[in-house]
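Report on one structure; see the data block that follows.
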Amino acid sequence: SLSHGLHYASLVFEGERVYSGFVFKGAEHTARLRASANILDFDVPISNEALEAAKYEVIKSNQIVDGYVRAFCWRGSEMMAISAQQTTTHLAIAAWEWPSYFDPETKMKGITLDIADWKRPSPESAPVHAKAAGLYMICTLSKHAAEKKGFQDALMLDYRGYLAEATGANVFFVDKEGTIHTPIADCFLDGITRRTVIALAESLQMKVVQRHLTLDDLSEMTECFLTGTAAEVTPVSQIGDASFTPGDISRQLVDGYENLVRGRIAL
């Protein structure tokens with residue numbers, strides 16, 4: 001229990017999905033784990049190739065076909081103070097079953113989001129581009145507050161008041177002309193699923209615009225969806241008082257993403 005990772009949040013992690021025994025975008029997740037560790041001034045103690053192999057060993061030993069893999073890396077207990085240069089860096093991998101209950105009709109009803117009180121911090125205030133444990137405190141608080149009100153998640157604004165992301169997923173909107181809009185990932189994680197869905201949309205000849213968005217822009221949008229390893233592509237039906245109707249573009253991306261992770265199509 002006396003680890004710097006637990007007491008001072010010097011822990012980075014990745015969440016990855018296993019589909020039919022294969023980790024989707026595994027190499028990208030491994031590269032991001034190392035990048036996150038480097039931002040927090042330590043390093044993953046084994047090579048990317050060894051980490052990839054270890055993930056598959058864990059998957060195989062747990063006989064997981066459809067599941068979730070979490071690799072995490074943290075500073076140890078040799079220095080229990082703010083400074084931690086001499087700590088041992090630890091690495092662990094956990095995995096559990098997570099069947100892909102792909103039911104398009106249920107998903108297409110959309111989930112509801114509250115508008116969080118907590119704001120995503122400035123890049124001058126936190127290491128915002130690392131997938132680091134400490135950055136998720138305000139996500140947990142925001143999601144708890146939303147769930148108490150009967151919402152399923154929360155939309156977070158950033159320190160400037162621009163739309164940022166949900167508590168663990170990026171957000172996209174579709175306007176009346178069918179153009180897709182998503183916030184610029186300049187103070188929150190540029191998700192691997194986010195980038196994948198942008199590429200998928202563009203391959204389907206959809207126009208994707210990355211720009212600063214405000215709550216006032218919600219009235220111009222007809223569809224909304226979240227993207228993330230856990231969320232995959234999840235349509236949204238409500239954000240605060242604003243309503244959306246999951247439609248054709250959301251459905252194409254829900255279906256397209258499922259085909260992509262199952263290896264039926266390639267980008």
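Fair warning: this is a prediction, and the values are worked out from it, not measured in the lab.
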Common cluster, Val69/Leu51, ILVMFWY with side-chain heavy-atom separation under 4.5 Å: yes

Shortest non-hydrogen contact from Ala154 toward Leu113: N-CD2, 4.2 Å

Pairwise distance OG(Ser10) to CZ(Phe42) - rounded to 0.5 angstrom: 5.5 Å

Heavy-atom neighbours of Met137 CE exceed 12 at 6.0 Å: no

Joint hydrophobic cluster, Phe172 plus Phe244, side-chain heavy atoms closer than 4.5 Å: no

Residues that Gln152 engages under side chain to side chain donor-acceptor pair (under 3.5 Å), provided they are two or more places apart: Thr112

N-O pairing of Lys55 and Glu16 below 4.0 Å: yes

Any Tyr56 side-chain heavy atom under 4.5 Å of Val23 side chain: yes

Ion pair Arg32/Glu14, N-O distance below 4.0 Å: yes

Same apolar cluster (I L V M F W Y, side chains within < 4.5 Å links), Leu163/Val128: no

Side-chain donor/acceptor of His7 to backbone N/O of Ser77, under 3.5 Å: no

Near-ring test Tyr257/Phe225, centroid separation under 6.0 angstrom: no

Arg70 side chain to Gly15 backbone, donor-acceptor under 3.5 Å: no

Contact summary for Arg17 and Ala230, nearest pair of heavy atoms: NH1-O, 3.3 Å

pair Val233-Leu200: side-chain heavy atoms closer than 4.5 Å: no

Check ion pair Lys207-Glu177 (N to O, under 4.0 angstrom): no

For Leu135 against Ala130, the heavy-atom pair lying closest together: CD1-O, 3.2 Å

Path from Met79 to Leu2 over hydrophobic side-chain contacts below 4.5 Å: no

Passing candidate, side-chain hydrogen bond (donor to acceptor under 3.5 Å, both in side chains) with Arg75, options Thr88, Thr89, Thr87: Thr87

Sidechain-backbone polar pair: Asp255 side chain, Asn259 backbone, donor-acceptor under 3.5 Å: no

Side chain to side chain donor-acceptor pair (under 3.5 Å) assessment of Gln210 paired with Thr182: CA-CA 5 Å; Gln210 300 184 50; Thr182 193; over 6 Å; no

Full working for side chain to side chain contact (heavy atoms under 4.5 Å, CB included) between Ile115 and Ile239: CA-CA 7 Å; Ile115 296 167; Ile239 299 177; 3.9 Å; yes

Sidechain N-carboxylate O distance under 4.0 Å for Arg262, Glu258: yes

Check: Asp66 side chain, Ser20 main-chain N or O, donor-acceptor pair, under 3.5 Å: yes

Check: His90 and Pro45 side chains under 4.5 Å, non-hydrogen atoms: no

Ser36 side chain reached by Leu33 side chain, heavy atoms, under 4.5 Å: no

Criterion side-chain contact (heavy atoms from CB on, under 4.5 Å) against Val236, the qualifying member of Leu155, Leu226, Asp153: Leu226

Between CG on residue Asp114 and NZ on residue Lys149, distance to nearest 0.5 Å: 3.5 Å

Short side-chain to backbone donor-acceptor contact, Thr227 and Thr193, under 3.5 Å: no

CD on Glu223 to OG on Ser250, rounded to 0.5 Å: 3.5 Å

Validation row: Leu260, Lys25 side chains within 4.5 angstrom (heavy atoms): no

Polar side-chain atom of Arg34 near backbone of Val44 as donor-acceptor pair, under 3.5 Å: yes

Shared hydrophobic cluster for Leu40 and Leu91 (ILVMFWY, side-chain gaps under 4.5 Å): yes

Intermediate values then yes/no, side chain to side chain contact (heavy atoms under 4.5 Å, CB included), Val197 and Ile180: CA-CA 11 Å; Val197 169; Ile180 300 170; over 6 Å; no

Test item: Pro246 and Val254 side chains (from C-beta on) under 4.5 Å apart, heavy atoms: no

Within 6.0 Å of CD in Glu97, more than 12 heavy atoms from elsewhere: no

Closest non-hydrogen atom pair between Ile93 and Ala54, with its separation: CD1-CB, 3.5 Å

Step-by-step side chain to side chain contact (heavy atoms under 4.5 Å, CB included) determination, Val65 to Val18: CA-CA 7 Å; Val65 177; Val18 182; over 6 Å; no

Lys148 atom NZ: more than 12 heavy-atom contacts under 6.0 Å: no

His181: partners by side chain to side chain donor-acceptor pair (under 3.5 Å), with sequence neighbours left out: Asp175, Arg211

Non-hydrogen atoms of Ala185 and Arg194 that approach each other most closely: N-NH2, 3.8 Å

Donor-acceptor contact present, side-chain His129 to main-chain Asp190, <3.5 Å: no

Glu57 atom CD, over 12 foreign heavy atoms within 6.0 Å: no

Distance in Å, Cys73 SG paired with Phe13 CZ, rounded so as to fall on 0.5 Å steps: 13.0 Å

Any donor-acceptor N/O pair, Asn170 side chain to Ile192 backbone, under 3.5 Å: no

Between Tyr162 and Phe188, ring centroids under 6.0 Å: no

Nearest heavy-atom neighbours spanning Val171 and Cys224: CG2-SG, 3.7 Å

side-chain hydrogen bond (donor to acceptor under 3.5 Å, both in side chains) contacts in which one or both residues fall within residues 117-126, not counting sequence neighbours: Arg120-Glu165

Sidechain-backbone polar pair: Asn62 side chain, Val58 backbone, donor-acceptor under 3.5 Å: yes

Backbone N/O of Ala81 and side chain of His4: donor-acceptor pair under 3.5 Å: yes

Working for side chain to side chain contact (heavy atoms under 4.5 Å, CB included), residues His29 and Thr229: CA-CA 10 Å; His29 281 284; Thr229 294; 3.7 Å; yes

Short side-chain donor-acceptor distance under 3.5 Å, Thr30 and Asn48: no

From OG1 (Thr179) to CD1 (Ile249), nearest 0.5 Å: 8.0 Å

Interatomic spacing from CG in Leu218 to CZ in Phe173 - rounded to 0.5 Å: 5.0 Å

